[in-house]
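Note on naming: letters A, B, ... go to the chains in the order of the sequence lines (proteins, then strands), and numbering restarts at 1 for each one. Worth saying up front: this structure is predicted, and the values here are computed from it rather than measured.
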There are 2 protein chains.
Amino acid sequence: MVKNKSAQGQLDNSFQSGRVVTSYDVARKAGVSQSAVSRCFKPGASVSKKMREKVMKVATELGYEPNAIARSLITKRSNLVAVIISNLTNLYYPEVLAQLSQRLSDRGIRVLLFALDTESHADQVLAQIWQYQVDGVIAAAKLTNDQLAEFEKRQKPLVFYNRFYSNQAVNAVCCDQAEGAYHLVKGLVAAGHQSFGIIGGPDDSVVGRERTDASAACLSTMGTSDVTIVDGSFSYECGGAGVEMIREKRGSLPDAIICVNDMTAIGAIDALRYGHGKNVPEDVSVVGFDGVGPATWASFDLTTMRQPVGRMTEGAVEMLMERMENPDLPPEKRLFAGVFVDGTSAVFA
Amino acid sequence: MVKNKSAQGQLDNSFQSGRVVTSYDVARKAGVSQSAVSRCFKPGASVSKKMREKVMKVATELGYEPNAIARSLITKRSNLVAVIISNLTNLYYPEVLAQLSQRLSDRGIRVLLFALDTESHADQVLAQIWQYQVDGVIAAAKLTNDQLAEFEKRQKPLVFYNRFYSNQAVNAVCCDQAEGAYHLVKGLVAAGHQSFGIIGGPDDSVVGRERTDASAACLSTMGTSDVTIVDGSFSYECGGAGVEMIREKRGSLPDAIICVNDMTAIGAIDALRYGHGKNVPEDVSVVGFDGVGPATWASFDLTTMRQPVGRMTEGAVEMLMERMENPDLPPEKRLFAGVFVDGTSAVFA
DNA sequence: AAGTAATTTGCATTCGAATGCAAAATTGCA
DNA sequence: TGCAATTTTGCATTCGAATGCAAATTACTT
C-alpha cells in the first residue's frame, strides 16, 4: 500500500509514460526558469554551480533529454549529416559506412542514411536531405550538375567519396585509381604477361571507367596490344560472366585479367577455377581493386590495390566538418594512393 | 549586361544562397498567408486548385522545401526511425541494413543510423535516440533490461531484429535458430557423421548461443556424444582459429564442423583446405548459418540455413509502423524458419 | 436575386529550446 | 557597511510549420 502510494506520488506529472519531458517540466519542478535549464545543458554557459546541480538532479529524476529537434530549429544546426551510398551490397561500402558513422558519431554528429539501389534516383533523396536540414552531406554516389548546383545554391557542404569530378570544383576524397591501375599493369607486364582481359564497371560508374581507362592506357603505353575489354557490374556474378565474354571475344583466355574491383576478381577466379578448369595464377593471373575483406581469404589471396579506407573516411569527415564551420573554404580534393597488396592471384614482378 | 541584370533580378530576396527559403517567403511572394502554403504541402488539406497552383509555382521558383525539423516539432512526428546495428563487418548485416533502409524509405521514413562497434555501448546511443525524437527503433543489438524499461516508459516502439528475448514481452522478428540447427544436425547425423565440432559465437551473443545450444542439444538427443565446442566471434578469422582449437581439444579433427555463421564456416573451410590439407566435404563437412552472399560462391558453395532477410526486414518494418500508428498494440514476435541451402560443403542426407 | 450551405482562407497560437537584454543576486573592495 | 563590478538568473522573443477556429469567399438552391 505504502509502496504503491509513493510510486504514484512519483508519477504525479511529467512521469506518466508517453508524455515527453520538456525543459519547462524540469524548470517547474526545480523552481527555476526554462532558460536556466537550457543553459545547464549548454557547455560553457553562465550558470552557477548550485543551479547546475539542482537542475541536473531534477533532469535525471525526470529522465529529461533536450529535444534536438527544437534545438536545431533555433540554432540552425541539426548535427545531422546525410550519407548517400549507392550499393551497400558491394562489399566495399559497408566498411566505409561503418567508419564514417563511427567517426561522425565521435564528433557528436548523427548519420542520416540514404542507401540508393542504383547510382541514380538521387533526386528524391536530395529533396529529403533539404527537408531535414542536414549540416552536410557525404556522397558515395554520382550527382548531376543540376544537383551539384543545388548544393552550391543552398551552401550545403558536400564531400564526395571516391567520385572524382575532374572538371568541377567540388570537395572529394578519392583513391588514385589511375596510379593504382598503372602499378598493377606494370607489375603484370614486367612479369611477362602478354595478353590481357579487363572486366570493367557499368557504364555510369566513374570509378569503374577511371580504372578501366587507366589500365588500358597503361597497357597501350607499354606496347601491349592484345587487350580485351568487357563491361561488368562490380559484382561476383559479373566476374564469371566477364571471363566468358572475354574468352568469346578473344577466342581464348588471356594471360591476365584485370578486374575493376575485388568482387569481380573473386568471381573471375572462381569461374576460371571451377568453370574453366584453370589454375590461378599459373594459367591466368587475376588482379582486383579495393582490398575488401574477402580478398585476403586464403581461397583467393588476391593481388589488389587496397584503398586506405581509414584515412579516406577520416579525410572525408574532416573536410566536411571544416566546411560546416566555415562554408567559405575553397573546394579541395584529396587523392590517396592505393596500397599494393601482394597476393598470390597473379604472377607479379 | 541585360542578362546580368535579369539574373540579379531573380536573386532579389530569398534566392540568395545560404538563406533558407521558408513558407513565409513563399507566402509573401505568392500573396497568400503562411497557413495557405503549409496546407498546400499537406496532402488532403482544404485548398482550392487555384491556390495550390499559385503556391506551388512560387515554391518551385524559390526552391522551397518544407522544413522537416519545424514540422516535427509541432506534429510530434519526426518520420525518423533509428536503426541500431552492432557489427556491420559481419557480411550479414549490410544486406539487412540496405533492405531496412529501402523499405522504410518507401514508406516515407528516414533512417538514423547507429553503428555500434560492439554489442554493448548502447547507452550513449540511446540518449541520442531520445534527443532526436525518433518515431521508432529497430535494433539488431542487445539491450539491457534497464534500456528496455526506458523504451517502455517513453512509449517508443521498438522492434528487435534477430534478438529473441524469450522472457520479455518485446517485439521481434527472428529466424528460428533452433529449428535451423536441428535441421542441419539431423541431416549431418543421417549422413553418417559421428564426431562433431561446433564453433560458436562470442559470450555475449544471444543468436550465437541459441544456435550453439540447439545444435548441441540436438546432437545429444540423437545420441551423439563426440562433440567439441569452442567459442568464436562470427568472423572469418575465428573459423580458422576454431578449427585449430577443436583439433587441439579433441586430438584430431571431427567428421563435421557446425559453424555459428557463414563467415566462420568460410574461415573454417579455408583453414581445413589450405591449413590442414583436408578436403571439404570429403574429409570434413562444414555447415554455416545465415546464407550471406559469399556462401554461394563457387569456392565454398556452403551448406547453410539461409535467413529469409526479405521477409524478416519486411516484417520488422511492418511491425514497427503498426506500432507507430497504434502504440497500444501488444508485443509480438515473428519467427521465420530458415531456408535450407543444399550446398556442397557438407555430406548431407 | 437572396439566402443558406459548403468550401476556402487567414489569424493567432503552438511545439521546445536558445539567446539578447535587463533585472537580480553575488562578489569584491574600500 | 556601502557601493561598484561581476556573475547569475529570468523575461520575452525567436526559429518554421501546423492547426483550431472564425472570417471570407464561393457554390448551390429556390
Select base, sugar-phosphate, or nothing to describe what [X] touches, counting heavy atoms under 4.0 Å on all strands.
| X | answer |
| --- | --- |
| B/T22 | sugar-phosphate |
| A/F41 | nothing |
| A/V32 | sugar-phosphate |

Practice task
Could you tell me if the ring centre of A/W130 sits under 6.0 Å from that of B/Y64?
Solution key: no
Problem - B/K156 side chain to B/V134 backbone, donor-acceptor under 3.5 Å - result: yes
Exercise for the section: Give me the residues of residues 70-78 of chain B where at least one heavy atom lies under 4.0 Å from an atom of DNA chain C, by number, or none. Expected result: B/L73, B/I74, B/K76
Identify each donor-acceptor pair in which a side-chain atom of residues 74-83 of chain B lies under 3.5 Å from a protein atom, sequence neighbours left out, and give them as a table.
residue, atom, partner, partner atom, Å
B/T75, OG1, B/R71, O, 2.9
B/T75, OG1, B/R77, N, 3.3
B/T75, OG1, B/R77, O, 3.4
B/R77, NH1, B/D135, OD2, 3.3
B/R77, NH2, B/E325, OE2, 2.7
B/S78, OG, B/L80, N, 3.2
B/S78, OG, B/Q133, O, 2.7
B/S78, OG, B/D135, OD1, 3.4

Practice task
Assess the side chains of B/Q128 and B/Q124: does a donor N or O sit below 3.5 Å from an acceptor N or O?
Solution key: no
Listing, residues 39-54 of chain A side-chain donor-acceptor contacts under 3.5 Å, not counting sequence neighbours, or none:
residue, atom, partner, partner atom, Å
A/S48, OG, A/M51, N, 3.2
A/R52, NH2, A/C40, O, 3.2

Note: [X]-[Y] ion pair, threshold 4.0 Å (strictly below):
| X | Y | answer |
| --- | --- | --- |
| A/R28 | A/D25 | yes |
| B/E318 | B/R334 | yes |
| B/R107 | B/E314 | yes |

Problem - B/S46 vs C/dT7: side-chain N/O to OP1/OP2 distance below 4.0 Å - result: no
Handout entry: Result of checking B/L158, B/I138, B/V125 against B/I84 for side chain to side chain contact (heavy atoms under 4.5 Å, CB included)
Key = B/V125
Handout entry: Along DNA chain D, first and last positions that approach a heavy atom of chain A under 4.0 Å
Key = D/dT8 to D/dG16
Practice task
Would you kindly compare B/G31 and A/P66 by the position of their nearest DNA chain C nucleotide and give the one closer to the 5′ end?
Solution key: B/G31
Completion exercise
Judged by nearest nucleotide, the residue sitting upstream toward the 5' end of DNA chain C, A/R39 or A/I69, is A/I69
Completion exercise
Closest non-hydrogen atoms of B/I109 and B/M324, given as atom of the first, atom of the second and distance, are CD1-CE, 3.8 Å
Fill in the blank from the handout: Residues of residues 47-56 of chain B with a heavy atom under 4.0 Å from any atom of DNA chain D, listed by number, are none
Completion exercise
So CZ of B/R163 and NZ of B/K142: to nearest 0.5 Å the spacing works out to 9.0 Å
Practice task
Mind grabbing the angle between the end helix axes of the helix from C/dA1-D/dT30 to C/dA30-D/dT1? Five pairs an end, 10° rounding.
Solution key: 30°
Exercise for the section: Decide yes or no for B/V55 and B/V32: does some side-chain heavy atom of the first lie under 4.5 Å from some side-chain heavy atom of the second? Expected result: yes
Handout entry: Heavy-atom check, side chain of B/M312 versus side chain of B/N162, under 4.5 Å
Key = yes
